[in-house]
Amino acid sequence: MAVQLLKGNVAFAEAAVRYGLQAYFGYPITPQSEALEHLSGRMLQEGRVFLQAESEVAAINMVYGAACCGVRVMTSTSGPGFSLMTEGLSYIAGSEIPVVVVDMMRGGPGLGNIQPSQADYFLMTKTAGHGDFHPIVLAPASVQELIDSMGLAFALAEKYRTLVIVAGDGSLGQMMESAELPPMQPLPEQRPVWAVTGAKGREPNVITSMYLVAEHLEQVNLRLQAKLAEIRKHEVRFVESQTGDAELLLVAYGTSGRICTSVLRQARQNGLPVGLLRPQTLWPFPEQRLRELAEQVRGVLVVEMSAGQMLEDVEHAVQGRVPVRFHGRTGGMIPMVEDVLSELQALASDLGVTP
Amino acid sequence: MSQSIIAPEEMELAYAYPASLTRAYTHYCPGCVHGIVHRLVAEVIDELGIRERAIGVAPVGCAVLIYNYINTDFVEAAHGRAPAMATGIKRVNPDNVVFTYQGDGDLAAIGTAEIIHAANRGERITTVFINNAIYGMTGGQMAPTTLQGMVTTSTPMGRNCQLAGYPIRMSEILAQTAGAVYVTREAALDLAGIRKTKRAIKRAFLAQMHGLGFASVEVLSTCPTNWGMDPWAAMQWAKENLAAYYPLDTFKITDAVKALPA
Amino acid sequence: MRHQEAIFAGFGGQGVLFAGQLLAYAGMSEGLHVTWIPSYGPEMRGGTANCTVILSEDEIGAPVISHPLSALVFNAPSMEKYAPLVKPGGLLLVNSSLIAARTAREDLRVVYIPASDIATELGNIRIANMVLLGAYVTVTGIVSLDSAKAQLDEHLSDRQRKWLQPNIEALDRGATLAR
C-alpha cells in the first residue's frame with residue numbers, strides 16, 4: 001500500500017475495516033464523527049454491519065450483543081459518549097468478551113468543548129465501569145500508530161477476551177498525516193466456541209456477568225484478575241528515546257508524547273541530558289521500566305493535556321525516588337513546545353543538571 | 001388392580017414436557033405468572049422447531065434467570081438494554097431467531113428509548129413484555145405501569161399520579177412506530193387468556209421468521225407476593241383492574257402478519 | 001534540512017483549509033513528512049478558520065506551533081492574530097485585498113498580495129487561496145510549484161473541477177508576484 005495523507009478519524013475507521021471489522025454501532029459525537037461517517041458507507045459496501053444507534057447507551061449494548069456472537073465489533077466515541085457507555089463496558093468486562101472502543105478525547109468535564117484533551121485517562125484506565133477490571137488502553141501518537149493500534153486492539157481483545165480501548169484525542173482524530181493503511185485482511189471464518197449462535201448440536205451457551213452466589217462471583221473475579229496479571233506481564237508497550245545518558249526524563253503519551261519529541265530535540269540541541277518515555281499502553285502502564293529509570297535520572301517531568309492523571313501512575317512508579325514535576329494544559333489547550341522546554345529547564349536548574 | 005388396556009405406543013399424547021424448557025426448578029414465587037409465560041415461549045419454540053436457532057436476551061428483573069429455564073442460547077442484558085443487545089445479535093446473526101423477555105421496569109422505564117427505537121427500526125426481533133404493574137425483584141416498588149392508587153413500597157399512600165406520573169400504555173405507543181408489524185396485549189390470567197397469549201407469542205415469532213419486522217406481545221400478569229394477595233385473588237384483581245386500564249387488544253397488525261399461517 | 005511550518009488563517013469559505021491540505025499533499029508527493037491540523041471548533045461554521053501545516057525531512061513532533069515559521073493571512077482578524085506570532089526571520093503573506101493594515105514588524109519577510117482582487121479577475125473570488133499558496137511555495141521553495149499544480153489536479157473535487165484552470169492560473173499569478 002502507498003503512503004497517503006489521511007485524517008486520523010478516517011484512518012482508524014478504514015484500518016478497522018481492513019483488519020476485519022464485521023460490525024460497527026455508534027452515535028455521532030465530535031471530534032470523531034468522521035469515523036462513523038466513513039464506516040456508514042464502507043461497511044455496507046463490504047456487506048458488513050453498520051448501524052447508527054439512538055444513543056451511546058444503545059450503541060455499546062448493540063456492540064455487546066454482536067460481540068456475544070463472536071464477531072469482530074467496535075464503536076468509537078468521545079468523552080461524554082464514553083461516560084454513557086461505561087455501563088455496557090462493565091458488562092462486557094464481566095462477560096469476558098472481546099470488544100474494541102476508540103475514545104477521541106475532548107475537553108471536559110460536562111459538555112466541555114470539542115477541542116483535544118487527555119482528561120479521560122482515569123475514565124479509561126481505572127473507572128471504565130463499576131466493578132474490578134481494567135481495559136487494555138492503547139495510546140497512539142500519530143496517524144500511523146493509530147492505524148496500527150486497530151490491528152493490535154483486535155488481536156489483544158480476542159487473545160485475552162477483553163475490552164481494548166484506543167485512546168486518541170481530538171487533534172489526532174482531526175489531524176491529517178502521511179500514513180500507510182494495511183492491506184485488506186480476510187474476515188475470521190469461524191465463530192469462537194463460546195459464542196451464541198444457536199445451540200445446534202451442543203448445550204446452550206449462556207453469556208452473563210451475573211453470579212448471584214458470592215463464592216462464584218469471587219472465583220470469576222479471581223480468574224479475571226489472573227488474566228489482568230497476564231496482560232500486565234506481557235502487554236506493556238512504550239517507546240523510549242535518548243534515555244541512555246539521560247539525567248532528566250520526560251513522560252508523556254499520545255499527542256503530548258509527540259509534542260515532547262519536539263521538546264526533546266530542542267533540549268538535546270541545547271545540550272540538556274534529557275530522555276523521553278512515551279507509554280503506548282496506558283493500562284498496563286510501563287511501571288517497571290519507569291521505576292528502573294527513576295534509579296538513573298535525577299528528575300521527571302510529566303506532560304499531559306489534563307490536570308494530572310497519568311501523573312498519579314508516574315508518581316506511583318517513581319515512589320518518591322526523584323522529584324516529579326508536571327506540566328498540563330486543560331480545557332482543550334495543547335501544551336506548547338516552548339512552555340514544556342522552559343519547565344524542563346527550570347527543573348534542570350533546580351536539580352543542578354547542566355549541559 | 002387396574003390394568004392397562006391400551007399399549008403405550010397407541011396412547012394419544014396428552015401432555016409432554018417442552019424440550020425447550022429445562023428441568024430446573026424456577027425461583028419464582030408461588031402463583032407467579034412468569035412460569036406460565038416461560039412455558040408458553042418454550043412450547044412455541046418447540047412447535048416452530050427453532051430451539052437450535054433461537055437466542056434469548058434476558059432482562060434485569062424477576063426473569064433475570066430465564067436462561068436457566070429456557071433451553072436455548074442466551075445472553076444477559078443490562079437493565080432495559082435487551083432490545084439494543086438483541087439488535088446487535090440479530091444484525092450479525094440474521095439467521096438466528098432472537099427474542100427478548102422483559103418486565104415493566106425494564107421495558108417501560110429504564111429501557112424506553114431502546115424498545116421504541118428497536119421497534120421503530122423494525123428490528124426483526126420478538127419481544128415478550130410482562131406487565132404486572134410493579135417492580136418484583138427489587139421488592140415491590142412502583143413501576144411505570146402501576147395503577148393510580150396502587151400501594152407499593154415506594155407509593156405507600158397509593159400512586160398519586162399528580163406526583164408520580166401516570167401509568168404508561170407501552171403497547172399503544174409501540175404500535176405508533178413504523179417498524180412494528182405486530183403489537184398486541186394479552187392477559188395470562190385464565191385458561192382462555194393463556195391459550196390466546198400463546199397464539200400471540202407464536203405469531204410474534206413467525207413475524208420475525210418471515211423477516212417482517214418488530215413484533216411484541218404484552219402479557220398482563222400478576223405479582224401475588226408484592227401485591228399482598230393470594231394467587232387467585234391476584235388473578236381476579238388483575239382482570240378487574242389491570243385489564244380495565246390496559247385494554248386487551250391488537251394495536252397493530254400488518255396484512256403480512258395477518259396472512260401468516262396460524 | 002527541508003522544514004517549513006505554516007499557519008493558514010482566514011474566514012470560513014476562503015479555502016484556507018483546502019490550501020493547507022494542498023500544501024500537505026504536495027509535500028508528501030515530494031517525500032516529506034507532513035501534518036495538517038485544523039482548528040475544528042464551531043467557529044468553522046462561517047467564522048474564522050485556520051490550519052497548521054508542517055513539512056519536514058524529519059519526523060514531525062508537535063503538530064501545533066505557537067510561533068510558526070510562516071503565516072498566510074486571508075483576512076484582517078487573522079492578520080491581527082497571527083502577524084505577531086510568526087518567528088523572527090519568518091514569512092508573513094498578506095491578502096492585501098482584504099487587509100488594509102501593514103505590520104510594524106521589521107524582523108519578518110512580508111509579502112503583500114492582492115489575492116482576492118486577482119482571484120476576482122480570474123473569475124472566482126474563492127481561488128484567492130491559490131494565489132497566496134503560489135506565492136508561498138515560491139518564496140519558501142519548500143515544494144515546487146509543479147507539485148502543487150499536480151496535487152490540485154489530483155484533489156480538486158468533482159464539483160470544483162471546472163475551476164481547475166483558473167486555480168492553476170491563480171497559483172501562477174501568486175508565484176509571479178512573489179518572485
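Every chain is numbered from 1, with letters handed out A, B, ... down the list of sequences.
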Exercise. Count the heavy-atom pairs under 4.5 Å between each of Ala199(A), Ala195(A), Ala66(A) and chain B, then report the option with the highest count.
Key: Ala199(A)
Practice problem: Determine the option with the most heavy-atom pairs under 4.5 angstrom with chain A, choosing from Val64(B), Val98(B), Val92(B). | Solution: Val92(B)
Quiz item: Does a side chain donor of either Gln141(B) or Thr152(B) reach within less than 3.5 Å of an acceptor in the other side chain?
Solution: no
Self-check item: Reported CD1-to-SG distance for the pair Ile55(B) and Cys68(A), which is rounded to 0.5 angstrom
Solution: 9.5 Å
Exercise. Taking the side chain as every heavy atom from C-beta outward, state whether Ile66(B) and Pro59(B) have any pair of such atoms under 4.5 Å apart.
Key: yes
Quiz item: Less than 4.5 Å apart, any side-chain heavy atom of Val75(B) and any of Ile89(B)?
Solution: yes
Exercise. Measure distances from Ala86(B) to the heavy atoms of chain A and classify the residue's part below 4.5 Å as side chain, backbone, both or neither.
Key: neither
Quiz item: Hey, mind stepping through Phe74(B) and Ile207(A) against side chain to side chain contact (heavy atoms under 4.5 Å, CB included) and telling me if it holds?
Solution: CA-CA 6 Å; Phe74(B) 252 100; Ile207(A) 298 180; over 6 Å; no
Quiz item: Quick one: CZ on Arg169(B) to CG on Asn131(B), what's the gap to the nearest 0.5 Å?
Solution: 11.0 Å
Quiz item: Considering only heavy atoms, which portion of Ala78(B) lies under 4.5 Å from any heavy atom of chain A: side chain, backbone, both, or neither?
Solution: both
Practice problem: Count the heavy atoms belonging to other residues, nucleotides or ligands that lie under 6.0 Å from CG of Leu222(A), then report whether that count exceeds 12. | Solution: yes
Quiz item: Of all heavy-atom pairs between Ala13(A) and Ala35(A), which one has the smallest distance, and what is that distance?
Solution: CB-O, 3.8 Å
Exercise. Return yes if some donor-acceptor pair links the side-chain N/O of Trp227(B) with the main-chain N/O of Asn132(B) below 3.5 Å, else return no.
Key: yes
Between chain B and chain A, which N and O donor-acceptor pairs fall under 3.5 Å? A table would be great.
from	atom 1	to	atom 2	distance (Å)
Glu52(B)	O	Ala199(A)	N	3.4
Tyr67(B)	OH	Thr208(A)	OG1	3.3
Asp73(B)	OD1	Arg202(A)	NH1	2.8
Asp73(B)	OD1	Asn205(A)	N	2.6
Asp73(B)	OD2	Thr197(A)	N	2.9
Asp73(B)	OD2	Gly198(A)	N	3.0
Asp73(B)	OD2	Arg202(A)	NH1	3.4
Asp73(B)	OD2	Arg202(A)	NH2	2.8
Phe74(B)	N	Asn205(A)	O	2.9
Phe74(B)	O	Ile207(A)	N	2.9
Glu76(B)	N	Ile207(A)	O	2.9
Glu76(B)	O	Tyr64(A)	OH	3.4
Arg81(B)	NE	Glu87(A)	OE1	2.9
Val92(B)	O	Arg191(A)	NH2	3.4
Asn93(B)	OD1	Arg191(A)	NH1	2.7
Asn93(B)	OD1	Arg191(A)	NH2	3.1
Asn93(B)	ND2	Val196(A)	O	3.3
Asn96(B)	ND2	Thr197(A)	O	2.9
Arg121(B)	NH1	Glu54(A)	OE1	2.9

Self-check item: Test: Arg185(B) cationic atom under 6.0 Å from Phe251(B) six-membered ring centre, within 45° of axis
Solution: no
Quiz item: Where on Leu212(A) is there a heavy atom nearer than 4.5 Å to chain B: the side chain, the backbone, both, or neither?
Solution: side chain
Quiz item: If you count heavy-atom pairs under 4.5 Å with chain A, which of Ala113(B), Gly88(B), Ala118(B) comes out on top?
Solution: Gly88(B)
Quiz item: Can you say whether Val49(A) sits under 4.5 Å from chain B via the side chain, the backbone, both, or neither, judging by heavy atoms?
Solution: side chain
Quiz item: Using non-hydrogen atoms only, which part of Val63(A) is less than 4.5 Å away from chain B: side chain, backbone, both, or neither?
Solution: neither
